[in-house]
J.: 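One structure is given below, represented as structure tokens, and several questions about it will come after.
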Amino acid sequence: MAVYKKTYRPYEGALTGPLARLWVIPRYAFEDLHRSRFLNTFFIASYIYPLICALIIYVQHNASALGLLGVRGADRLIAINVVFFMSLLGWQSMLALFLASFIGPGLVSPDLANNALSLYLARPFSRVEYVLGKMSVLLILMSLMTWVPGMLLFLLQGYLEGWSWMPDHARFAAGIFFGAWVWILILALLALALSAWVKWKPAAGGLMFGVFFVAAGFGAVVNGVERTSWGHLFNISYLVGSVWLRLFEGAEHSTNGAVFFRVPEGEELPLWCCWLALAALCGVCLYMLARKIRGAEVVR
Amino acid sequence: MRLELKKTFLSKRGWWIYFLALGPVAITVLHWLVEARLGRGAGNRHSIGEDSIIFAGMFLFYYLRAGIFFGAMGIFSNLFRAEMLEKTLHYYFLTPLRRELLVAGKYLAGLIVAVVLFGSSVVLAFLTIGRHFGASWTDYLLHGPGLHQLGAYFLVTVLACVGYGAVFLLSGLLFKNPMIPAAVVWVWENLNPFLPSLLKKISVIFYLKSLCPVEVPIPPPFNVMVVDADPTPFWVATPGLLAISLILLVYAAATARTTEISYSD
């Protein structure tokens, strides 16, 4: 064939299904992550707390185990109540933050730094699919760390306590599931947005912590100087804690939130403000992603 | 120095450092305006002493533990690391300039930027936090302990920039990922109040806290976990911090002397 006839011809073969295409990014990402010894160790270590919780539930429902340990009244020592499940979620969510700041920065920034985005988008793969594919890596891993063990513990408690316990405490299950998803979505969006804007991976990871801790410090300064509690709007863990409190306990609450996600007594903000602030944060992250995830960059 | 100052001051990477420095000033200016407006009718809702304690808390918990720490991390760890990322470090290494001078020049440029940003932020925040008291605030500044406090806060800010600057310049040179040592230092510095008195002394924040003019009460339930240690006198804390920073800088200069750059790694 003459060279001049070798022009562009689109691919005419069969395409894989959209779901299979979406799975390509997480598949390769998981392969990469699997090679990291630190990550594997961290991920396995993150199950220590749920295992301890499972042990507590088991021991509480096993009279012979209690007798063996020589413990009387252990069921009153650690009650399986809202604090128990919120503490589990709070602790696992903090570990999820570490995981997100370790994995998140490496998801998008290498593609942008090496101008590889056009290679993805030249294929039958949209920007949304690209973002969803990258995000699914974080969503799956963080789900396995937060609501999955939480729900398993809920089921274990229901099984040992008697099935009637579950409908009576369905709010706990809803709180674990939806509360974890609120946190997971915020973390995933923030990690991807920072990864897209900060090309240096360590800096993006550091900035992720900075957003949480410096913003919380800034909120505390606002509260201190202005003698108000509106500064908590800068504190992401406070906002998420408020949402969790409502999910777990409804309008009347007996606790002040989970570990790391506390809502100080007397400093409560209207719930809609917390939702609005979280939505604004997600909106900013989506805008940042939309600005950066483009097939071609216009350089002025 | 001129080149470095231009780069560090107008760095696109460092926009967030301006936010860190100017945030508290915006809050204290807002406080001044709001209180001045409210104060006209009903009188001040609090005293100068309360504002002084609030500023001390803001200085300790925001400036020292977050603002200056993360700001210094951003400025100083980027001095060499940014050149490596942009693949421009070899230009410096090829110039007829001693490596020690290069380290000193970069450090001084970073220090000037950090002191200008955070020093002016501290001074402005202090001057505006009580501005709504009017003449009594001026009297507090000129004839009371105000000016002494302002001087002490400025000195602590400069020392914090010097100390953290040296730590992060060295970590930027030694580590491919300076965030890991930064995270370790940050956790250590924040655990300081709860450490035994001997371990307390192996940190920058302990000496800086000793120089702060107003003590901040720690709220419950954390107050029960705090371990008290005698504050270090001025004549030990200041030269001690400067000496440690100098040692770190000398080590950084020695490291830079043998540094080779390969961008492919």
Side-chain angles (χ1 to χ4, degrees), chain A residues 36 38-39 42 94 97-98 101-106 109-110 112-114 193-195 197-228 230-235 256 259 262 264-267 284 288 299-300, chain B residues 13-17 19-20 23-32 34-35 45-46 50-51 53-67 69-71 73-74 77-78 81-82 84-86 125 128-130 171-172 175-183 186-187 190 216 219:
Chain A
S36 165
F38 170 76
L39 189 69
F42 179 80
M94 192 41 76
L97 167 65
F98 279 88
S101 52
F102 184 71
I103 297 172
S109 60
L112 287 171
N114 299 305
L194 290 177
S195 172
W197 277 76
V198 184
K199 287 178 186 167
W200 189 24
K201 279 199 285 180
L207 208 56
M208 185 117 179
F209 276 101
V211 167
F212 279 93
F213 295 113
V214 177
F218 190 74
V221 170
V222 173
N223 285 345
V225 175
E226 308 294 346
R227 276 82 171 170
T228 178
W230 288 98
H232 287 309
L233 286 178
F234 291 100
N235 188 344
N256 63 344
V259 58
R262 298 241 179 257
E265 215 167 311
E267 294 181 24
V284 170
M288 285 167 74
V299 180
R300 291 194 178 90
Chain B
R13 282 175 204 273
W15 58 268
W16 55 275
I17 298 168
F19 264 110
L20 282 182
V25 180
I27 296 167
T28 51
V29 167
L30 193 72
H31 175 67
W32 166 24
V34 170
E35 291 296 325
R45 295 184 294 167
H46 52 265
E50 281 172 1
D51 266 356
I53 291 175
I54 290 286
F55 185 84
M58 179 165 95
F59 186 77
L60 186 65
F61 294 114
Y62 179 81
Y63 278 108
L64 290 187
R65 290 182 197 273
F69 184 90
F70 284 103
M73 188 178 85
S77 59
N78 253 338
R81 195 50 57 177
M84 290 182 199
L85 281 177
E86 286 167 8
T128 49
I129 197 167
S171 70
F175 299 97
K176 199 174 174 185
N177 183 351
M179 295 306 143
I180 294 169
W186 190 70
V187 170
N190 277 284
V216 186

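Lettering follows sequence order; numbering is per chain, from 1.
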J.: Less than 4.5 Å to any heavy atom of chain B: does that hold for the side chain of A/Phe213, its backbone, both, or neither?
T.: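 Interface part for A/Phe213: side chain.
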
J.: Look at the aromatic rings of B/Phe55 and B/Phe59 and report parallel, tilted or perpendicular, splitting at 30° and 60°.
T.: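 Taking B/Phe59 first and then B/Phe55, their aromatic rings lie parallel (interplane angle under 30°).
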
J.: Quick one: does any side-chain atom of A/Ser101 pair with a main-chain N or O of A/Phe98 as donor and acceptor, under 3.5 Å?
T.: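 Side chain of A/Ser101 to backbone of A/Phe98: a pair is present.
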
J.: Pick one of side chain, backbone, both or neither for B/Ile27, based on which atoms fall under 4.5 Å of a heavy atom in chain A.
T.: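 B/Ile27 touches chain A through backbone and side-chain heavy atoms alike.
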
J.: Give, for atom CD1 of B/Ile53 and atom CE of B/Met58, the distance between the pair rounded to the nearest 0.5 Å.
T.: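 Spacing of CD1 (B/Ile53) from CE (B/Met58) equals 14.0 Å.
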
J.: Counting heavy-atom pairs under 4.5 Å to chain B, which of A/Leu207, A/Val214, A/Val198 comes out on top?
T.: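 Greatest number of close heavy-atom pairs with chain B: A/Val214.
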
J.: Quick one: does A/Arg227's side chain have a donor or acceptor within less than 3.5 Å of a partner on A/Val225's backbone?
T.: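 Yes, A/Arg227 side chain to A/Val225 backbone: donor-acceptor pair under 3.5 Å.
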
J.: Pick from B/Leu20, B/Ile129, B/Leu30: which one has the most heavy-atom pairs with chain A under 4.5 Å?
T.: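 Ranked by heavy-atom pairs under 4.5 Å with chain A, first place is B/Leu30.
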
